[in-house]
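Inspection log for the structure reproduced underneath, given as structure tokens.
So you know, we letter chains A, B, ... as the sequences are listed, proteins then strands, and number each from 1.
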Amino acid sequence: MSGVDIEVMGLTKRFGDVSAIEGVTFRAPAGRITGFIGANGAGKSTTMRILLGLVTPDEGSARFGERRYRDLANPSDTVGAVIDLAAAHPSMTARGHLRTYAALGGHPPERVTEVATLTGLEAFIDRRIRGYSTGMRQRLALATALLGDPRVLVLDEPSNGLDPAGIVWMRTFLRRFADDGGTVLISSHVLGELQQLIDHVVLIDHGRVIWNGTRSRLAELGDDLEAVYLHLTSTEVIA
Amino acid sequence: MNRLIRGEVIRLFATRLPAWSAVAAVAAGAMMTGLLSLVGPENSSPPMPGLDTPEGVGIVLGINGMLLFIPALIGTIAITGEYRHRTIGATFLVAPRRGRVLWAKLLVYGLLGLAYGMVTAAAAGLALSGAAAIRSTPLGVSSPELGGLLVGLALAAAVYTVIGVAIGALARHQLVAIGVVLGFFYFLEPLLMIMPGVNAVYPYLPGGATAALLDFTFLSDAVAAEMPIAAPQILSALGGAAILLAYAALASVVAVAFPLRRDLA
């Protein structure tokens with residue numbers, strides 16, 4: 001399958017007087033896992049929401065291959081996204097939730113049980129979401145993203161609240177996904193958590209990309225990536 | 001478009017809203033009309049026309065018009081649930097053409113409102129006929145006339161649901177939207193009805209149009225009797241229906257247009 005690169009070019013967004021991001025530019029290539037790292041409030045979510053067409057940028061563009069998200073023929077066939085972990089109606093079961101989004105996206109109903117099995121939700125699928133733990137909600141969010149069997153995954157802080165077994169499972173899953181030619185853009189506010197997983201690193205701080213390159217190049221700056229990250233962000237603040 | 005409608009139907013029936021709506025429809029239809037019919041409007045204080053007059057039938061059915069905030073709330077809860085539980089982002093991810101999502105929701109919720117209206121009208125009709133039979137009072141309207149009034153009630157419920165959806169789409173916050181709905185129907189509209197001069201608009205408000213559709217003039221007549229102001233002349237049934245449909249159209253445009261370009265940050 002041909003890969004779909006994510007191209008982000010000069011994104012700028014202000015909310016009122018507050019500048020959320022400024023000139024954010026990076027590329028997340030197919031077949032790779034790109035980590036989008038920054039402190040809370042650094043602009044990760046805004047960037048990802050613009051990429052997914054939920055927020056309109058003041059300047060710049062964000063594309064999957066040649067197309068903006070909303071110009072994709074059937075977006076959920078190409079891109080699976082996790083943007084909000086709490087997003088589910090508490091009185092629904094996971095099956096009801098997944099059936100809703102399978103129907104909205106035009107995906108066959110068999111996908112509901114397939115993605116539930118894939119994400120380890122099958123034992124809880126007929127339970128109401130009200131009783132779900134954070135980790136189970138995480139799996140549900142990921143299962144929803146996978147309904148269209150996408151080639152690109154955009155995941156905003158997907159490992160928040162996952163138990164250690166869940167994190168290991170997600171790492172294995174994402175590695176296999178990328179090795180099969182898929183594109184993964186994954187954000188986190190802790191570099192350490194993704195250190196083992198990511199191939200590319202995009203560091204964002206105060207709305208600007210301050211470093212962008214492969215993990216091995218970042219490793220040349222120091223052994224401890226977390227220390228390198230803190231160093232890079234603090235020099236930016238001083239400068 | 002078809003899959004959006006199907007998705008919204010699946011979503012709706014995956015929640016308990018349809019079941020609660022059915023319970024509310026039966027309770028609202030049977031209770032108010034049933035109780036008032038059993039007691040008899042002529043036995044109330046002050047006495048009102050009895051069931052054997054068209055006015056009396058209008059009163060016991062029209063009292064149901066005062067419960068139309070229920071379908072409005074159903075519409076509001078249905079749409080604001082998406083914001084409250086933050087699923088609207090996931091929905092717009094699957095269907096970035098937001099206008100179509102909103103049209104599908106309006107259609108599905110509008111049909112839910114119509115179903116509510118049909119159930120509540122049937123319950124009210126049964127309660128009224130049952131009470132009249134128990135009291136051995138002949139009804140003051142013919143069966144076709146009664147049918148017409150009940151159809152009007154069902155239609156009004158559908159329109160109120162759509163108005164509720166529009167208010168929900170505008171306010172987004174569930175509690176705020178519920179407050180707006182209740183505030184409008186219980187405070188603002190009655191206030192407009194009794195304000196001298198301003199009350200000329202009453203026939204054109206949703207409540208006034210519903211009163212026309214249900215041939216329910218008791219409220220406005222009572223106001224005129226109590227206050228030194230002219231009774232607002234309510235419209236004909238068809239006029240009321242036209243006004244209500246215009247409100248539904250306006251509400252639909254509002255519900256579809258406003259979420260279109262808003263950032264989901």
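At a 4.5 Å heavy-atom cutoff, the contact between B:E82 and chain A is made by side-chain atoms alone. Proximity to chain B involves both the backbone and the side chain of A:L52, based on heavy atoms less than 4.5 angstrom apart. Proximity to chain B is absent for every atom of A:T46, based on heavy atoms less than 4.5 angstrom apart. Interface residue B:A90: backbone and side-chain heavy atoms are both found under 4.5 Å from chain A. Neither the backbone nor the side chain of A:R95 comes within less than 4.5 Å of any heavy atom of chain B.
Chain B forms the most heavy-atom pairs under 4.5 Å with one residue out of A:A81, A:A88, A:G53, and that residue is A:A88. With respect to chain B, the highest number of heavy-atom pairs below 4.5 Å among A:G96, A:P90, A:A20 belongs to A:P90. When the candidates A:A87, A:S91, A:A102 are compared by the number of heavy-atom contacts under 4.5 Å with chain B, A:A87 comes out ahead.
With a 6.0 Å radius and a threshold of 12 heavy atoms from other residues, nucleotides or ligands, B:F69 has its CZ atom above the threshold. Taking a 6.0 Å sphere around CG of B:N2, one finds it holds 12 or fewer heavy atoms contributed by other residues, nucleotides or ligands. Atom CZ of A:R111 is surrounded by more than 12 heavy atoms from other residues, nucleotides or ligands within 6.0 Å.
To the nearest 0.5 angstrom, A:Y101 atom OH is 9.0 Å from B:L93 atom CG. Going from atom OG1 of A:T100 over to atom CZ of B:R6 covers 10.5 Å, rounded to the nearest 0.5 Å. Rounding to the nearest 0.5 Å places NE2 of A:H107 at 7.0 Å from CZ of B:R3. Rounding to the nearest 0.5 Å places CZ of A:R99 at 4.5 Å from CD1 of B:I10.
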Side-chain donor-acceptor pairs under 3.5 Å in residues 8-16 of chain A, sequence neighbours left out?
unit_1 : atom_1 : unit_2 : atom_2 : d
A:T12  : OG1    : A:G23  : N      : 3.0
A:K13  : NZ     : A:T56  : O      : 2.7
A:K13  : NZ     : B:D263 : OD2    : 2.7

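Proximity to chain B among residues 60-77 of chain A is limited to A:Y69, A:R70, A:N74, A:P75, A:S76, judged by heavy-atom separations below 4.5 angstrom.
Heavy atoms only, all atoms of each residue included: A:L54 and B:R98 are closest at O-NH2, 3.2 Å.
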For a side chain to side chain contact (heavy atoms under 4.5 Å, CB included) check, start with the C-alpha distance between B:R11 and A:M92, then their side-chain angles and the critical distance, and finish with the verdict.
CA-CA 9 Å; B:R11 189 204 301 279; A:M92 272 193 203; 3.3 Å; yes
